[in-house]
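It should be emphasised that the depicted structure is a prediction, and the values quoted were computed from it without experimental measurement. Note that ligands are numbered from 1 as they come in the structure, with each ligand's atoms numbered from 1 the same way.
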Amino acid sequence: MDLGLEGKVAAITGGGSGIGRATALMFAAEGSYVAVADLFADRAAAVASEIGAAGGRALPVQVDVAQASSVMAAVQAIVAAWGRIDVLVNCAGIYQRGTIEDIGERDWDHVLDVNLKGTFLFCKFVVPVMARNGGGAIVNVSSISGRTKSDLAAVNYVASKAGVIGLTMCLASQLAPKGIRVNCVAPGTIDTPMNVDIPPEGREVLLRRCPMGRFGRPEEVAAAILFLASPLASYITGETLNVNGGVFMV
Ligand code: NAP
């Protein structure tokens, strides 16, 4: 099926690993120009090389999404290379487990800065670029932890991911007149480097709660992101799509 993403310029934060990497590869396979933005330049470069080796078009971009000056420079670099940005996927994120006693002020600030402020900053600097070119699509990455109670995730992670859903709805209504759709995915537990240190007993608990009885694959979240970014979702905005094997349903 043609998703209508050929020739589009897609910027993927956190594109160097896990869900972001899978999303970058999938956009490239659809014929999009892909900016792979990540904290570590070598990780972004590795994914960009992977795309290039498969015949795709990719630009590695080093960025710290928590720093406005770094995000501004990243957006400028993408526009300098390709002249536009049609799709933004805010996938960069960090995770923390624990109780409120474990979370200090620095932990709170760090997780909120990357997950929530980082999403805000990328939207802020990309929106004028999209608006100039007649519109675009933004897909943010929240979490099941932002929608319902979480047994493992800490308060800072949960608050950041609930914030991403609120930010998505607010921007969706503000930006609709500019032709920009803003949506969100809320993954359950996905097999990525973020989850390598879940202890075996924790994995058991999570698997028992999942009607599908398994963790998700990064490609399964990427597929939902591509759908929301594509013209197939042309009348969908402000939505948060669960990708969680049935663990949480609304
Ligand atoms: P991942 O494999 O750790 O990928 C996240 C990427 O974001 C990493 O390359 C990471 O670099 C990068 N990153 C972290 N801080 C950054 C910063 N300040 N600036 C730019 N890039 C930064 O994790 P993932 O599982 O694919 O997670 C992707 C997104 O999905 C996250 O937002 C996460 O919260 C969300 N999510 C994941 C799951 C899951 O079960 N995996 C479930 C729900 C939601 P470093 O590795 O150096 O930190």
Side-chain angles (χ1 to χ4, degrees), residues 11-26 35-48 60-75 77 88-97 107 109-122 125 139-148 150-154 156-165 167-168 184-198 202-203 206-207 209-210 214-222 224-225 240-245 247-248:
I12 323 285
T13 76
S17 176
I19 295 167
R21 172 180 168 275
T23 304
L25 295 177
M26 220 177 258
V36 182
D38 210 288
L39 190 54
F40 289 107
D42 54 353
R43 207 176 284 175
V47 175
V61 181
Q62 191 283 325
V63 70
D64 179 354
V65 298
Q67 303 288 335
S69 55
S70 178
V71 175
M72 199 189 299
V75 170
L88 167 65
V89 180
N90 283 302
C91 198
I94 52 175
Y95 181 72
Q96 201 163 0
R97 277 190 281 279
D107 299 309
D109 287 346
H110 185 42
V111 170
L112 269 289
D113 278 357
V114 175
N115 294 0
L116 185 54
K117 189 171 92 173
T119 301
F120 155 72
L121 287 173
F122 243 97
F125 292 116
V139 183
N140 297 322
V141 179
S142 175
S143 166
I144 189 172
S145 303
R147 306 206 90 182
T148 182
S150 173
D151 297 325
L152 293 177
N156 48 356
Y157 184 78
V158 171
S160 72
K161 292 302 184 178
V164 166
I165 294 173
L167 182 149
T168 298
C184 189
V185 293
T189 307
I190 310 298
D191 261 324
T192 72
M194 187 172 271
N195 286 326
V196 285
D197 63 343
I198 300 178
R203 293 179 78 87
L206 292 170
L207 284 173
R209 280 189 353 200
C210 180
R214 65 173 178 84
F215 296 149
R217 296 186 299 275
E219 295 74 21
E220 293 175 308
V221 183
I225 292 172
T240 295
L241 182 59
N242 291 327
V243 188
N244 65 27
V247 174
F248 172 71

Under 3.5 Å, side chain of [X] to main-chain N/O of [Y], donor-acceptor pair present?
X: Thr168; Y: Cys184; result: no
X: Asn156; Y: Asp107; result: yes
X: Asn195; Y: Ile190; result: yes

With a 4.0 Å heavy-atom cut-off, what residues sit around ligand 1? Gly14, Ser17, Gly18, Ile19, Asp38, Leu39, Phe40, Arg43, Val63, Asp64, Val65, Cys91, Ala92, Gly93, Ile94, Val114, Val141, Ser142, Ser143, Tyr157, Lys161, Pro187, Gly188, Thr189, Ile190, Thr192, Pro193, Met194, Asn195
Asp191 meets the salt bridge (charged side-chain N to carboxylate O under 4.0 Å, His left out) criterion, sequence neighbours left out, with Arg203
With sequence neighbours excluded, what pairs up with Asp197 under the salt bridge (charged side-chain N to carboxylate O under 4.0 Å, His left out) test?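 Partners of Asp197 by the salt bridge (charged side-chain N to carboxylate O under 4.0 Å, His left out) criterion, ordered by chain and then number, come out as Arg97.
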List the atom pairs, with distances to 0.1 Å, where a side-chain N or O of residues 114-122 and a protein N or O form a donor-acceptor pair under 3.5 Å, not counting sequence neighbours.
from: Asn115; atom 1: OD1; to: Ile94; atom 2: N; distance (Å): 2.9
from: Asn115; atom 1: ND2; to: Ile94; atom 2: O; distance (Å): 3.0
from: Asn115; atom 1: ND2; to: Ser160; atom 2: OG; distance (Å): 3.1
from: Lys117; atom 1: NZ; to: Ala66; atom 2: O; distance (Å): 3.4
from: Thr119; atom 1: OG1; to: Asn115; atom 2: O; distance (Å): 2.7

